[in-house]
Amino acid sequence: MKQPIRAALPILFAFVLVGTGLLLAGSLSPVSGAPPQAAAAAQATPKLTATAIQIDLLDPGDLPIPPEFRVAVYEYLVAAVERSNKFQHVYRSGNHGAAGGNDLVILKTTAQAFTKGSQKQREVTTVSGATSIKIHAEFTDRSGKVLLEKDLEGKVRFFGGNLDATNDFAKKLFTLIGQTF
Amino acid sequence: MNIWNAQHFLGAPEQKREAARRSRWLAGMLVLGATVISGVCAAPAFGQTGASTPPSQGPPERNVDCVLGLPTMKHHTMGVLTVQPGALRFASEKAKADISIASILDIFTSNDSKQIFSGVGGNIARAAVPYGGGRVLALFSHGTEVLTVEYTDADGGFHGAIFVTPKGQATALKAQLVAGGAKASIPPEAPGQEEKKP
């Protein structure tokens, strides 16, 4: 009885080995397939170049956005743009130095939707109380010509204060700047 | 009779163990109750510390959270926020930052609440309580006020600073700033009243 089991062991081992190999190949294939897609996307959208950027204050539109959210979006944006190291000069809204820049791009943001949740509700229920802010971001040149525009959403679903939604939005814009400039 | 006695004597250590278990359980419940009661009692006190204590009494308590907006401060730095002649000063343990009253464009206050068990430590504490009991800890919060100050730098660039203060302190600070000459699109209200947002 022991003889057949011993004989089957190498076959079983081979099966396990082949299975593991197939699993590894399956898990790696999307990663190996990603760069051509990313390269295609990069080719489709030509990179923008600018040495200076001016960041305007969030336009709340008709939405009742609290002042702290408006300010937090702006400050996190400035920090994200500075952290990206894509521009030699980062000008805040109203900065006199921005007038002299040659290839200046202007980042304008307009609020499109806003839901103020509750930190307590989020942490007690884990399903409700999320804060979200949807913003239309627009990169224009000095004449007002739109170079790039995109809608981005910042959310805080589980842990953290309501203002973290604005930081989430800034992180997404940081990624967009990295892909575009 | 002998059989009953034997059973009785055999059960005695069991009863002692049971009694010890009950006393331990009772002690545990007492400790838990005391913790919850002290937490509930402490919650309102958190909100009152800054508002009721005059600034001249004792060393100032660093009870204001500078969320963002001061160039020399990291996000979420705790410190003392005071109105000095001609400036709003935020002083942390290591540094000080002033906002000139003349450079202030607008000031806003709004009510909010802050979880007592918050941040990384709070999340770990909540996760450590078994059977999902950590969510109960999320119920404990205290009232806070948010002070938003919009100002310009020397180059005319717009800045915004956000401070989370104990309840009542932001309103008092706004009143002091406006009295000192700062601009505010919405006039300061009496403490306890929330101003209408634009």
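Here the structure is a predicted model, which is why all the values come from computation and not from measurement. Below, chains carry the letters A, B, ... as their sequence lines are ordered, and counting in each starts from 1.
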Separation of B:Thr152 OG1 from A:Asn95 CG (nearest 0.5 Å): 10.5 Å
CG on A:Leu163 to NE2 on B:His76, rounded to 0.5 Å: 7.5 Å
B:Asp106, part contacting chain A, at a heavy-atom distance under 4.5 Å: neither
Portion of B:His159 that has a non-hydrogen atom of chain A nearer than 4.5 angstrom: both
Cluster check A:Leu148, A:Val105: I/L/V/M/F/W/Y, side chain < 4.5 angstrom: yes
Co-membership, hydrophobic cluster, residues B:Phe163 and B:Tyr151, 4.5 Å side-chain: yes
Path from B:Leu70 to B:Val80 over hydrophobic side-chain contacts below 4.5 Å: no
Which portion of A:Ala72 sits near chain B, non-hydrogen atoms under 4.5 angstrom: both
Within 6.0 Å of NZ in A:Lys134, more than 12 heavy atoms from elsewhere: no
Exam field: side chain A:Glu68 to backbone B:Val146, donor-acceptor pair closer than 3.5 Å: no
Rounded distance (nearest 0.5 Å) linking atom CG of B:Leu68 with atom OH of A:Tyr74: 12.0 Å
Shared hydrophobic cluster, A:Val81 / A:Leu176 (ILVMFWY, side-chain heavy atoms < 4.5 Å): yes
Heavy-atom proximity to chain B below 4.5 Å, by part of A:Ile55: neither
Region of A:Tyr76 in contact with chain B, defined by heavy-atom distances below 4.5 Å: side chain
Side chain to side chain contact (heavy atoms under 4.5 Å, CB included) between A:Arg70 and B:Glu150, intermediate numbers included: CA-CA 11 Å; A:Arg70 204 159 41 91; B:Glu150 296 179 355; 3.2 Å; yes
Cluster check A:Phe169, A:Phe174: I/L/V/M/F/W/Y, side chain < 4.5 angstrom: no
